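Here's the structure, in structure tokens; my notes come after.
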Amino acid sequence: MAQSTQKRRRGRIALIVLAVLAVLLAGALLFAGNYLFRFALDPQFGGMIDGSQEWSLEGDSAWLDESSEDRWLESRDGLKLHALYLAQPEESHKYLVGCHGYGSIPQYMGRSAAHFYELGFNILAPAARAHEQSEGRYASMGWLERLDIVDWVNTLVEQDPDAEIVLYGISMGGATVMMTAGEELPANVKCIIEDCGYSSVWDEFAVQLKEMFGLPTFPLLDTASLVTQVRAGFGFKEASAVEQLKKASLPMLFIHGEDDTFVPYWMLDEVYSACASAEKERLSVPGAGHGGAAGTDPELYWATVEAFLEQYVG
């Protein structure tokens with residue numbers, strides 16, 4: 001009888017210990033997931049995005065900053081979003097919407113913007129949420145920005161009903177325009193050019209989790225995605241360029257550097273294959289790292305871009 005009582009007592013103690021360990025493990029996992037979320041997406045945390053950073057504006061970035069005017073837009077969820085706008089000296093119905101990369105600013109689209117400007121495009125360079133002067137507590141890696149880009153496009157159409165609009169983005173901006181491709185867009189949008197965008201937020205963070213911390217996706221990335229869903233309104237797998245491209249119909253040009261390791265080169269195959277557009281092209285640039293395709297082989301890059309534009313923009 002005494003032995004039976006002792007066994008039950010030991011059993012209850014073991015269950016209590018296991019319960020405590022489970023709570024501690026869950027707490028540690030939640031802490032780590034929240035840390036990863038804030039590290040990646042919260043500018044106030046001072047991780048991957050530094051909202052207080054002083055940006056050096058030189059050359060083309062200074063040119064765009066000094067030559068442009070401010071534009072503002074209220075997002076569908078009430079955020080005040082900023083963009084730079086630069087008009088041609090003479091009337092032009094051609095417009096570029098240029099989307100910058102992760103942790104960057106619209107002024108840093110200056111080099112690309114200068115090339116499009118020489119081709120006769122008016123320039124609109126929006127700042128992504130939680131970047132530069134745009135409001136927002138958290139970055140959303142292009143997912144919520146896709147709807148912001150739709151709204152920016154609509155402001156251009158209201159301004160000029162004859163507008164011919166090209167969407168162009170690099171890195172996170174590339175992912176943004178790919179995600180936008182799956183939305184309903186006015187006929188004024190003629191084509192989309194993406195440069196080194198990722199296939200999904202999940203895929204990109206999985207790559208970085210392994211590269212930066214040597215960790216597998218499960219269970220940390222799953223937990224971080226859940227935290228992001230609660231705190232920022234989207235999940236990492238939901239924010240997928242691949243899934244959005246399955247709904248795309250506009251002509252698209254996909255560009256990627258073959259030596260890109262930050263957004264791995266294999267992602268080019270993923271997004272290109274997923275794209276449902278009847279007219280699509282791809283450009284691989286040997287020797288180019290992340291965001292470096294235009295600088296590595298400018299002649300090939302811009303010749304390809306210009307030939308693509310000539311097919312769809314008057």
Side-chain angles (χ1 to χ4, degrees), residues 55-69 71 83-102 104-128 132 149 152-153 156 160 163-178 180 188-197 250-257 260 263 268 280-314:
W55 294 92
S56 175
L57 298 180
E58 300 176 352
D60 291 323
S61 59
W63 162 80
L64 181 58
D65 186 64
E66 295 166 359
S67 304
S68 60
E69 63 182 67
R71 291 284 177 94
L84 301 177
Y85 180 74
L86 179 59
Q88 289 286 325
E90 299 181 1
E91 184 181 54
S92 170
H93 296 295
K94 298 194 296 184
Y95 297 83
L96 174 79
V97 178
C99 299
H100 65 78
Y102 179 64
S104 186
I105 54 176
Q107 288 85 344
Y108 274 33
M109 294 297 292
R111 181 170 298 179
S112 300
H115 201 102
F116 280 95
Y117 191 74
E118 291 175 1
L119 296 175
F121 283 82
N122 305 295
I123 307 298
L124 180 72
E132 204 242 0
I149 296 303
W152 280 117
V153 164
L156 293 177
D160 181 2
E164 294 184 279
I165 300 169
V166 175
L167 306 185
Y168 170 78
I170 300 175
S171 190
M172 183 182 78
T176 300
V177 297
M178 286 191 287
T180 307
N188 304 75
V189 181
K190 300 303 180 182
C191 60
I192 298 176
I193 303 171
E194 77 86 18
D195 183 340
C196 64
L250 287 167
M252 295 200 61
L253 172 60
F254 299 86
I255 304 172
H256 219 106
D260 192 343
V263 175
L268 174 61
K280 59 182 180 180
E281 301 177 22
R282 57 186 285 167
L283 171 64
S284 299
V285 180
H290 185 63
T296 300
D297 195 338
E299 290 186 10
L300 173 63
Y301 188 98
W302 290 112
T304 303
V305 168
E306 289 178 27
F308 180 76
L309 292 171
E310 287 174 1
Q311 298 179 67
Y312 307 109
V313 183

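In what follows, residues are counted from 1 in the order of the sequence shown. Quick caveat, the model's predicted, so the values are computed rather than measured. Reckoned from all heavy atoms, side chains included, excluding hydrogens, waters and symmetry mates.
- In this view, H256 satisfies the ring-ring contact (aromatic ring centres under 6.0 Å, His included) rule with no residue, not counting sequence neighbours.
- Residues satisfying the side-chain hydrogen bond (donor to acceptor under 3.5 Å, both in side chains) test with E299, not counting sequence neighbours, are none.
- In plain terms, the two heavy atoms of P126 and L124 that are nearest each other are CD-O, 3.4 Å.
- Of all the heavy atoms in V189 and L250, the pair that sits closest is O-CD2, 3.2 Å.
- Minimum interatomic distance between P251 and K190 (heavy atoms only, all atoms of both residues): CD-O, 3.4 Å.
- Side-chain contact between L167 and V153 is present, with at least one heavy-atom pair separated by less than 4.5 Å.
- In this structure a side-chain-to-backbone donor-acceptor pair under 3.5 Å is present from T176 to M172.
- Under the 4.5 Å side-chain criterion, counting only non-hydrogen atoms from C-beta, I192 is not in contact with Y168.
- Contact annotation: the side chain of S112 approaches that of W302 to within less than 4.5 Å [non-hydrogen atoms, C-beta and beyond].
- With sequence neighbours excluded, the residues forming a side chain to side chain contact (heavy atoms under 4.5 Å, CB included) with A87 are Y85, N122, listed by chain and number.
- Looking at residues two or more places apart in sequence or on another chain, you find a side-chain hydrogen bond (donor to acceptor under 3.5 Å, both in side chains) between S284 and Y265.
- Scored by the ring-ring contact (aromatic ring centres under 6.0 Å, His included) test, Y95 finds no partners at all (sequence neighbours excluded).
- Between E194 atom CD and C99 atom SG the span is 11.5 Å, to the nearest 0.5 Å.
- Side-chain contact between C191 and L253: absent, with no pair of heavy atoms (C-beta onward) separated by less than 4.5 Å.
- In this structure a side-chain-to-backbone donor-acceptor pair under 3.5 Å is present from K94 to L119.
- Closest approach of L86 to S67, counting heavy atoms only: CD1-O, 3.2 Å.
- Judged purely by atom type and a 3.5 angstrom limit, T296 has no side-chain atom pairing as donor or acceptor with the backbone of A293.
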Considering only distance and modelled atom types, tabulate donor-acceptor pairs under 3.5 Å from the side chains of residues 304-314, sequence neighbours left out.
unit_1: T304; atom_1: OG1; unit_2: L300; atom_2: O; d: 2.7
unit_1: E306; atom_1: OE2; unit_2: H115; atom_2: NE2; d: 2.8
unit_1: Q311; atom_1: NE2; unit_2: E281; atom_2: OE2; d: 2.9

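- Contacts of D60 classified as side chain to side chain contact (heavy atoms under 4.5 Å, CB included), with partners at least two apart in sequence or in another chain: R111, A114.
- The side-chain hydrogen bond (donor to acceptor under 3.5 Å, both in side chains) search around R282 returns D269, not counting sequence neighbours.
- Judged as a salt bridge (charged side-chain N to carboxylate O under 4.0 Å, His left out), and not counting sequence neighbours, the contacts of E69 are R71.
- Partners of Y301 under the ring-ring contact (aromatic ring centres under 6.0 Å, His included) rule, at least two apart in sequence or in another chain, do not exist in this structure.
- When the side chain to side chain contact (heavy atoms under 4.5 Å, CB included) test is applied to A127, the partners found at least two apart in sequence or on another chain are H100, P106, E132, S134.
- Between F254 and M178 there is a side-chain heavy-atom pair separated by less than 4.5 Å.
- Considering only residues two or more places apart in sequence or on other chains, H93 meets the side chain to side chain contact (heavy atoms under 4.5 Å, CB included) condition with E91, D160, D162.
- Within the 3.5 Å criterion, the main-chain N or O of Y117 finds a donor-acceptor partner in the side chain of Q88.
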